[in-house]
Student: 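Please find one structure pasted underneath; my questions will follow.
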Amino acid sequence: MRAHIEELITQALGYLKRDGVIEDDQAVDIQIEPTKDPKHGDYACNVAMMLAKSAGMNPRELAEKILKRLPSSKRVREVQIAGPGFLNFFASGHYLKIVVREILAQGEHYGEAPANSLEPILIEFVSANPTGPLHVGHGRGAAYGASLAAILQAAGHTVEKEYYVNDDGRQMDILAVSVWLRYLELSGERVRFPDNAYQGDYVYEIAREVRSRHGDDMRHTGHEVSESLPADGDQGGDAEAHIDALIARAKELLGETDYQAVFAIALEAMLSDIREDLDEFGVTFDRWYSERSLHESGALDQALATLKEKDWLETRNGAVWFKASELGDDKDRVVIRDNGRSTYFASDVAYLLDKLDRCPGQSLYIFGADHHGYVPRLKAAAQGLGEDPDRLDFQLVQFAVLYRDGKKIQMSTRSGQFVTLRDLREEVGKDAARYFYIMRSHEQHLDFDLDLAKSKASENPVFYIQYAHARIQSIFNKLDEAGQRHNQAIGEAAISQLVAEPEQALLRALGRYPEVIENAAKRRAPHILAHYLYEIAGQFHSWYNHAQFLVEDDDLRNARLNLAQATAHVLRNGLNLIGVSAPESM
RNA sequence: GCCUCGGUAGCUCAGGGGAUAGAGCAGCCGCCUCCUAAGCGGCAGGUCGCAGGUUCGAAUCCUGCCCGGGGCACCA
């Protein structure tokens, strides 16, 4: 409908330009929005107020001229000029009729824009280090990314979803060493477990796996392991130096092959755990992109070579720096350390280049808010590589804080005292978790109320929406029991009998669904869809309490059933995009 | 100090140039011989952090300040 009105106004403005009423080169951003007050019609446009000044007349006068030139449309009953110069559009009965018809005809595809009608988008999200189970912070990024990807797809983008796996680097070495130390412990060796090693119980599980595959092959005495290591943090030394020395010691005692075997078991175990976790959360990826592969394929060297060629690299104090500060970043960034190893950022640059090569459209990054400092350096990298930084889109997801019994749940990753995504799913269920994570703007801190998420009452928005869907199904079940059939054709012919206020409101709201998808996609904001579904559910519940569906009158009954079914379609389609189920009964 | 997100009803949050600023929860008052009351209706509740500015019009945009979250490694 919005697009239709825009078309009408564009035509009218065309005539006015031709007549010289408004300037020809006047670029106008025609804004059409659903009204808040039904007295103002269904959609309002402020274009007359925007153009009044340059046209040299008052807004109402210009609105009058636009109105005269407006082509007639079957979908518009009336257009009024109101207030300071708004053009208020009232939808016709015909329009409301075709809304229901379209929804019933398109079913699960209602609301979708034609595939590939918008540029392709490569979206990368979660990308948590495979050094431990996902926690509730990752959960929000996962829910946001997956919902957004589905919405973008529905809005007409071709979407590729990727998880970037940091399977290289020091954190993975620390995990491998942690596993090996637990393995030694399980083998009966007395070894000290460092402060900075991974403390979680899952490390024992992986260690058991190492033992079952390798037996005592990787066993070394506690003395061999700890002999002349620098002191750990709590021993008055440097915790980082201690663990680095331990990594070196592990490699030395195990040899490259065995060390890599432990490393591989740890990586494999964590990845399959994460993959399974996300899978159960309804979050899937098209590609799990390995950081190591960037080294192995030469992509990393290639990317650095490109930067060097364009003169953005510089050697200083034995390290190689990317001159990011000349491209808008705060400071220069190291790509090759003085010990010869490349940095994490160097891999990022290579991955960035590969993404832009593979996807001709936008590359969309979903970061936790704590990574916002990465934005300028990646934009600088894109520019340094000779790519367009505007092809990068960064969305930052703010933190989620869990509340139970009205109290904040304290978490600390270091000590392993955190709630995992799996714990959360088991406690509140997948549906509630998915909805709660995205019901607030991603730019907003989220207070996640566990008690509310578990509630089976209308105070819980997920429940409220799902209940509306289940109620509709139950109407059709009752119809069945009565031995009656729903006849869509009769309903369609009689749709104009739906004149009650709740019915009219619902009809209009259902017609807005495709615009909601478009909007949520454009603004990268799944919460817009979450709010909309809540609104639809509310309008349905309200209607349900005011009207009887299974009435004697064939016309009226079928008309109401048509609207109920259309409502169910919209609820189902929308819930599906945000990964929430639409139950048949509750 | 710099960067970033936020400050809207008692609480949690929508609205992000337009008309009288909305919803849920909490509070108060009502509604089931009837398709799910796991629901609905009503009442009450506001200095949109503060101060300037731009505009026909500012919760919304700009500047400054105050308050809170987060970030500023040759860590990942």
Side-chain angles (χ1 to χ4, degrees), chain A residues 31 33 35-37 39-40 44-46 49-50 52-53 58-59 82-86 88 127-129 131 166 168-174 196 240 291 316-321 329-345 347-348 368-376 396-399 401 403 406 439-449 452 455-461 463-464 466-468 470-479 481-482 502 523 527-528 530-531 534-535 537-538 540-551 560 564 585-586:
Chain A
Q31 294 172 25
E33 50 183 32
T35 56
K36 289 166 195 157
D37 185 339
K39 285 202 284 288
H40 300 138
C45 181
N46 63 358
M49 290 179 285
M50 310 262 299
K53 200 169 199 177
N58 78 53
F86 288 103
N88 289 338
S127 299
N129 283 340
T131 53
N166 296 117
D168 193 72
R170 185 162 169 271
Q171 294 303 315
M172 275 307 297
D173 281 324
I174 296 175
N196 279 16
E240 302 297 336
E291 180 186 359
R316 234 182 287 152
N317 305 327
V320 180
W321 297 71
D329 196 5
D330 289 350
K331 46 188 93 166
D332 292 342
R333 307 288 169 182
V334 173
V335 285
I336 308 282
R337 286 187 278 248
D338 59 5
N339 65 11
R341 283 192 76 164
S342 62
T343 59
Y344 180 87
F345 175 64
S347 303
D348 284 342
D370 54 337
H371 279 62
H372 88 268
Y374 279 61
V375 175
L396 303 172
V397 178
Q398 299 292 324
F399 284 20
V401 181
Y403 284 81
M439 71 179 176
R440 304 296 180 216
S441 161
H442 62 285
E443 292 175 338
Q444 183 89 25
H445 292 239
L446 173 70
D447 284 341
F448 193 125
D449 184 337
L452 183 62
S455 160
K456 290 188 160 50
S458 64
E459 61 184 11
N460 178 354
F463 180 87
Y464 186 76
Q466 290 182 319
Y467 184 47
R471 264 185 155 175
I472 295 170
Q473 303 316 309
S474 124
I475 294 166
F476 283 93
N477 290 341
K478 272 282 176 307
L479 184 75
E481 286 170 27
R523 293 193 30 205
H527 79 276
I528 292 175
H531 279 275
Y534 185 75
E535 182 191 330
F540 175 78
H541 285 306
S542 176
W543 179 37
Y544 184 94
N545 274 269
H546 282 95
Q548 193 67 20
F549 291 77
L550 304 180
V551 293
R560 285 188 175 152
S585 68
M586 294 174 77

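So you know, we letter chains A, B, ... as the sequences are listed, proteins then strands, and number each from 1.
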Student: Within this structure, what is the CZ-to-P distance between A/F399 and B/G70, rounded to whole angstrom?
Tutor: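 It works out to 7 Å between those atoms.
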Student: Quantified in whole Å, what is the C1' atom distance between nucleotide B/U60 and nucleotide B/G22?
Tutor: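 The same atom, C1', in both gives a distance of 15 Å.
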Student: To the nearest Å, how far apart are A/K53 NZ and B/C56 C1'?
Tutor: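 Atom-to-atom, A/K53 to B/C56, this comes out as 8 Å.
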Student: What's A/A44 touching, base or sugar-phosphate or nothing? Going by heavy atoms closer than 4.0 Å.
Tutor: base
Student: Any stacking of A/F86 on B/A19, going by centres under 5.5 angstrom and planes within less than 30 degrees?
Tutor: yes
Student: Once pairs are restricted to Watson-Crick or G-U wobble with both distances under 3.5 Å, how does RNA chain B read as a dot-bracket string, [ ] for crossings and | for other-strand pairs?
Tutor: (((((((..((((....[...)))).(((((.......))))).....(((((..]....))))))))))))....
Student: Report yes or no: is there a donor-acceptor pair, N or O only, under 3.5 Å between the side chain of A/N46 and the base of B/A19?
Tutor: no
Student: Which atom pairs link the protein and nucleotides 1-8 of chain B when you take only N or O atoms and keep those under 3.5 Å?
Tutor:
| unit_1 | atom_1 | unit_2 | atom_2 | d |
| --- | --- | --- | --- | --- |
| B/C3 | O2 | A/H372 | NE2 | 2.9 |
| B/U4 | O4' | A/H372 | NE2 | 3.3 |
| B/C5 | O2' | A/E443 | O | 2.4 |

Student: Would you indicate what A/R560 reaches in the nucleic acid, counting non-hydrogen atoms under 4.0 angstrom: base, sugar-phosphate, or nothing?
Tutor: nothing
Student: As a test of the definition: with a 90° window around 0 for syn, would you call B/C65 syn or anti?
Tutor: anti
Student: In whole Å, what is the span from the CG atom of A/L479 to the P atom of B/C34?
Tutor: 19 Å
Student: Check whether any side-chain N or O of A/H40 sits under 3.5 Å from a backbone N or O of A/A82 as a donor-acceptor pair, and report yes or no.
Tutor: no
Student: Step by step, work out the side-chain contact (heavy atoms from CB on, under 4.5 Å) result for A/N196 and A/E240.
Tutor: CA-CA 7 Å; A/N196 279 16; A/E240 302 297 336; 2.9 Å; yes
Student: Using the P atom on both, measure B/U4 against B/G24 and round to a whole Å.
Tutor: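 The answer is 36 Å between these two P atoms.
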Student: Checking A/E291 against A/S347 for the side-chain hydrogen bond (donor to acceptor under 3.5 Å, both in side chains) test, could you report, in this order, the C-alpha distance in whole Å, the side-chain angles of both residues, the deciding distance, and whether it holds?
Tutor: CA-CA 7 Å; A/E291 180 186 359; A/S347 303; 2.7 Å; yes
Student: With RNA chain B as reference, determine whether A/Y534 or A/Q548 sits nearer its 5' end, using the nearest nucleotide of each.
Tutor: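 Whichever sits nearer the 5' end wins; that is A/Y534.
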Student: For A/M49, which contact category applies under a 4.0 Å heavy-atom criterion: base, sugar-phosphate, or nothing?
Tutor: base
Student: Taking all non-hydrogen atoms of both residues, which atom of A/P84 and which atom of A/P59 are closest, and how far apart?
Tutor: O-CB, 3.3 Å
Student: If I compare all heavy atoms of A/R316 with all of A/W321, which pair ends up nearest, and what's the gap?
Tutor: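 Closest pair (atom of A/R316, atom of A/W321, distance): O-NE1, 3.3 Å.
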Student: What is the nucleic acid contact for A/H371, judged by heavy atoms within less than 4.0 Å: base, sugar-phosphate only, or nothing?
Tutor: base
Student: Is A/R523 salt-bridged to A/E443, going by a charged N under 4.0 Å from an acidic O?
Tutor: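 No.
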Student: For A/H527 and A/S441, which heavy atoms make the closest approach, and how far apart are they?
Tutor: ND1-CA, 3.4 Å
Student: Quick one: do A/N317 and A/D338 satisfy side-chain contact (heavy atoms from CB on, under 4.5 Å)? Show the steps, please.
Tutor: CA-CA 7 Å; A/N317 305 327; A/D338 59 5; over 6 Å; no
Student: A/A564 near the nucleic acid: base, sugar-phosphate alone, or nothing, with a heavy-atom cut-off under 4.0 Å?
Tutor: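 Touches nothing.
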Student: Ignoring hydrogens and angles, tell me if any N or O in the side chain of A/H442 forms a donor-acceptor pair with the backbone of A/Q398 under 3.5 Å.
Tutor: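 Judged by distance alone, no pair lies under 3.5 Å.
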Student: Where do A/S455 and A/F463 come nearest, in terms of heavy atoms and distance?
Tutor: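 Closest heavy-atom pair between A/S455 and A/F463: O-CB, 4.0 Å.
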Student: Suppose you measure atom P in B/A58 against the same atom in B/C2; what distance do you get, rounded to whole Å?
Tutor: 31 Å
Student: Measure from CG on A/L446 to P on B/G24 and round the result to the nearest Å.
Tutor: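 From A/L446 CG to B/G24 P: 20 Å.
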Student: Can you tell me how far C1' of B/A23 sits from NZ of A/K36, to the nearest Å?
Tutor: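 It works out to 14 Å between those atoms.
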Student: Please report the distance separating the P of B/C62 from the corresponding atom of B/U54, rounded so that it comes out in whole Å.
Tutor: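 Between the two P atoms, the distance is 15 Å.
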Student: Might you point out which heavy atoms bring A/A319 and A/V334 nearest each other, and give the distance in Å?
Tutor: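 So the minimum-distance heavy-atom pair works out to CB-CG1, 4.2 Å.
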Student: Quick one: A/E535 CD to B/G15 P, roughly how many Å, whole number?
Tutor: 13 Å
Student: Rounding to an integer number of angstrom, what distance separates B/A14 and B/C5 when you compare their P atoms?
Tutor: 15 Å
Student: Write out a two-atom table: protein N or O, nucleotide N or O from nucleotides 36-41 of chain B, distance below 3.5 Å.
Tutor:
| unit_1 | atom_1 | unit_2 | atom_2 | d |
| --- | --- | --- | --- | --- |
| B/U36 | OP1 | A/S474 | OG | 2.1 |
| B/U36 | O2' | A/Y467 | OH | 2.2 |
| B/U36 | O2' | A/R471 | NE | 2.8 |
| B/U36 | O2' | A/R471 | NH2 | 3.2 |
| B/U36 | O2 | A/Y467 | OH | 3.2 |
| B/U36 | O4 | A/M586 | N | 3.1 |
| B/A37 | OP2 | A/R471 | NH2 | 2.4 |
| B/A38 | N6 | A/M586 | O | 3.3 |
| B/G39 | OP1 | A/S458 | N | 2.0 |
| B/G39 | OP1 | A/S458 | OG | 2.7 |
| B/G39 | O2' | A/R471 | NH1 | 2.8 |
| B/G39 | O2' | A/N545 | ND2 | 2.7 |
| B/G39 | N2 | A/N545 | OD1 | 3.4 |
| B/C40 | OP1 | A/Y464 | OH | 2.4 |
| B/C40 | O4' | A/N545 | ND2 | 3.1 |
| B/G41 | OP1 | A/S542 | OG | 3.2 |

Student: Round to the nearest Å and state the distance from A/E291 atom CD to B/C75 atom C1'.
Tutor: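 Distance check: A/E291 CD to B/C75 C1' gives 13 Å.
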Student: Are any side-chain N or O atoms of A/R440 and backbone N or O atoms of A/H445, one a donor and one an acceptor, separated by less than 3.5 Å?
Tutor: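 Flag not set: sc A/R440 to bb A/H445 has no pair under 3.5 Å.
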Student: May I ask you to say what A/N88 touches in the nucleic acid, namely base, sugar-phosphate or nothing, with a heavy-atom cut-off under 4.0 Å?
Tutor: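 Result for A/N88 = base.
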Student: Applying a 4.0 Å non-hydrogen cut-off, can you work out what A/R440 is touching in the nucleic acid: base, sugar-phosphate, or nothing?
Tutor: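 Counting heavy atoms under 4.0 Å across all strands, the contact made by A/R440 includes a base.
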Student: Would you indicate what A/K39 reaches in the nucleic acid, counting non-hydrogen atoms under 4.0 angstrom: base, sugar-phosphate, or nothing?
Tutor: base
Student: Expressed in whole Å, how much space separates the P atoms belonging to B/A59 and B/G18?
Tutor: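 Their P atoms lie roughly 10 Å apart.
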Student: Mind calculating the distance between CZ (A/R316) and P (B/C74) to the nearest angstrom?
Tutor: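 Those two atoms, CZ and P, are 11 Å apart.
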Student: Phosphate oxygens OP1/OP2 of B/C75: is one of them under 4.0 Å from a side-chain N or O of A/R337?
Tutor: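 So the side-chain polar atoms of A/R337 do come within 4.0 Å of the phosphate oxygens OP1 or OP2 of B/C75, strictly under.
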Student: Below 3.5 Å, does any donor atom in the side chain of A/D370 face an acceptor in the base of B/G70, or the other way round?
Tutor: no
Student: Using the C1' atom in both, what is the distance from B/A19 to B/C25, to the nearest Å?
Tutor: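 One C1' to the other, the span is 29 Å.
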Student: Determine, for A/Y544 and A/R471, whether the Lys NZ or Arg CZ falls below 6.0 Å from the six-membered ring centre while staying within 45 degrees of the axis.
Tutor: yes
Student: Search all heavy atoms of A/D329 against all heavy atoms of A/R333 and return the closest pair with its distance.
Tutor: OD2-NE, 2.8 Å
Student: Work out how far the C1' atom of B/A23 is from that of B/C48, and round it to whole angstrom.
Tutor: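 Result for the C1' pair: 16 Å, nearest Å.
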Student: Heavy-atom nearest nucleotide on RNA chain B for A/N460 versus A/H527: which residue maps closer to 5'?
Tutor: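 Per heavy-atom nearest nucleotide, the more 5' residue is A/H527.
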